[in-house]
Amino acid sequence: MTGHRSFISFLCTLYILFGSAKTLETSPTVPETDPLIVTFLARLITPDYGSIAGKATVKFEKIIENIGSAYNSATGIFTAPSKGLYQFTASARQSHSGYLHLGLFRNTEEMAVSVALNFNSLTIGASFTLESGDSVFVKNIWTQSSGIVGSGQTYFSGHLIHKM
């Protein structure tokens, strides 16, 4: 008789454990609307060795990666899908004698700047918080055109570090 009671206790324990697990599995959850992973990498293809107009946003047209679909190659703008801490990097090469001044912008605020001179390269990198809907882009901060190399040698990338 004690063996029978032990077996019933065992079955009751299993029912409690698996019943609770089953309840947790089937309970309704709030669907996740913001992507958990947000990352992109885009390269500038054209001009090969040309220039970018003064105060123009750089449109990195060749998308290599765009998880979360937050980067728009037609505009050159990344739009934050959710509030969080993000990291961005841009690298560019100057295409002829003269200067290339590029800035990394959050909405209208200049977050970081870098300069290249006479065929050299520049790199811009910064981490900062964004609200959902904020935009980030790379822009020529000069009022005049500047030489820039495309051909995939200039890029813009970013990713969500931590969702807030």
Side-chain angles (χ1 to χ4, degrees), residues 24-25 27-164:
L24 289 175
E25 286 178 45
S27 64
T29 59
V30 177
E32 183 69 39
T33 56
D34 297 334
L36 294 174
I37 299 172
V38 178
T39 187
F40 77 96
L41 170 61
R43 294 173 28 197
L44 183 69
I45 303 302
T46 56
D48 284 341
Y49 286 83
S51 61
I52 181 168
K55 298 293 184 179
T57 297
V58 183
K59 297 175 184 172
F60 301 85
E61 70 265 33
K62 182 166 175 83
I63 295 175
I64 308 302
E65 189 84 72
N66 197 11
I67 298 172
S69 301
Y71 178 74
N72 182 333
S73 62
T75 63
I77 296 173
F78 170 87
T79 304
S82 59
K83 181 178 180 177
L85 177 63
Y86 291 80
Q87 167 68 42
F88 296 94
T89 305
S91 181
R93 191 168 149 223
Q94 207 279 347
S95 67
H96 50 67
S97 294
Y99 291 92
L100 174 61
H101 286 100
L102 294 181
L104 180 64
F105 286 78
R106 173 179 58 192
N107 301 319
T108 59
E109 182 182 7
E110 188 178 278
M111 301 302 288
V113 175
S114 192
V115 178
L117 173 65
N118 299 335
F119 305 97
N120 287 313
S121 296
L122 63 81
T123 301
I124 308 169
S127 299
F128 44 86
T129 57
L130 296 174
E131 297 292 330
S132 179
D134 280 352
S135 61
V136 178
F137 52 93
V138 176
K139 179 178 171 179
N140 179 1
I141 61 172
W142 267 29
T143 56
Q144 59 189 352
S145 66
S146 297
I148 194 166
V149 176
S151 304
Q153 296 180 43
T154 295
Y155 72 88
F156 180 33
S157 69
H159 63 274
L160 173 64
I161 296 172
H162 180 74
K163 199 170 178 179
M164 299 166 94

*When rounded to the nearest 0.5 angstrom, what is the spacing between OH in Tyr86 and NE2 in His162?*
11.5 Å

*Might you point out which heavy atoms bring Pro81 and Val38 nearest each other, and give the distance in Å?*
CG-CG2, 3.7 Å

*pair Ile52-Val58: side-chain heavy atoms closer than 4.5 Å*: yes

*Taking only residues two or more places apart in sequence, or in another chain, which ones meet Ser157 in a side chain to side chain donor-acceptor pair (under 3.5 Å)?*
none

*Taking atom NZ of Lys139 as the centre, report whether more than 12 heavy atoms of other residues, nucleotides or ligands fall under 6.0 Å from it.*
yes

_Any side-chain heavy-atom pair of Ser114 and Leu102 under 4.5 Å_ = no

*Can you find a pair of side-chain heavy atoms, one from Val138 and one from Phe60, that are under 4.5 Å apart?*
yes

*Taking the side chain as every heavy atom from C-beta outward, state whether Thr57 and Phe105 have any atom pair closer than 4.5 Å.*
no

*Separation of Leu44 CG from Gln153 CD (nearest 0.5 Å)*: 10.0 Å

Would you tabulate the side-chain donor-acceptor contacts of residues 119-131 under 3.5 Å, counting partners in other chains and residues two or more places apart, or write 'none'?
from	atom 1	to	atom 2	distance (Å)
Asn120	ND2	Leu117	O	2.8
Ser127	OG	Gln87	OE1	2.2

*Is the Phe156-Phe137 ring centre distance short of 6.0 angstrom?*
no

*Taking all non-hydrogen atoms of both residues, which atom of Ala92 and which atom of Ile148 are closest, and how far apart?*
CB-CD1, 4.4 Å

*Could you grab the distance from atom NZ of Lys55 to atom OG1 of Thr143, nearest 0.5 Å is fine?*
6.5 Å

*Locate the shortest heavy-atom distance separating Gly54 from Asn140; write the atom from each residue and the value.*
CA-ND2, 3.6 Å

*Taking all heavy atoms of Asp48 and all of Ser151, pick out the closest pair and write down the distance.*
OD1-OG, 3.1 Å

*Which heavy atom in Leu160 sits nearest to a heavy atom in Gly84, and how many Å separate them?*
CD1-CA, 4.0 Å

*asked:* Nearest 0.5 Å, please: how far is CD1 in Ile63 from CG in Leu41?
replied: 10.0 Å

*When rounded to the nearest 0.5 angstrom, what distance separates OG in Ser73 from CZ in Phe78?*
14.0 Å

_Ignoring hydrogens and geometry beyond distance, is a side-chain donor-acceptor pair present between Thr46 and Glu61 at under 3.5 Å?_
yes

*Which atoms form the tightest heavy-atom contact between Tyr71 and Gly76, and what is the distance?*
OH-CA, 3.3 Å

*Hey, are the side chains of Tyr49 and Arg93 touching, using non-hydrogen atoms and a 4.5 Å cut-off?*
yes

*Which residue, Asn107, Asn72, Thr79, forms the side-chain hydrogen bond (donor to acceptor under 3.5 Å, both in side chains) with Ser135?*
Asn107

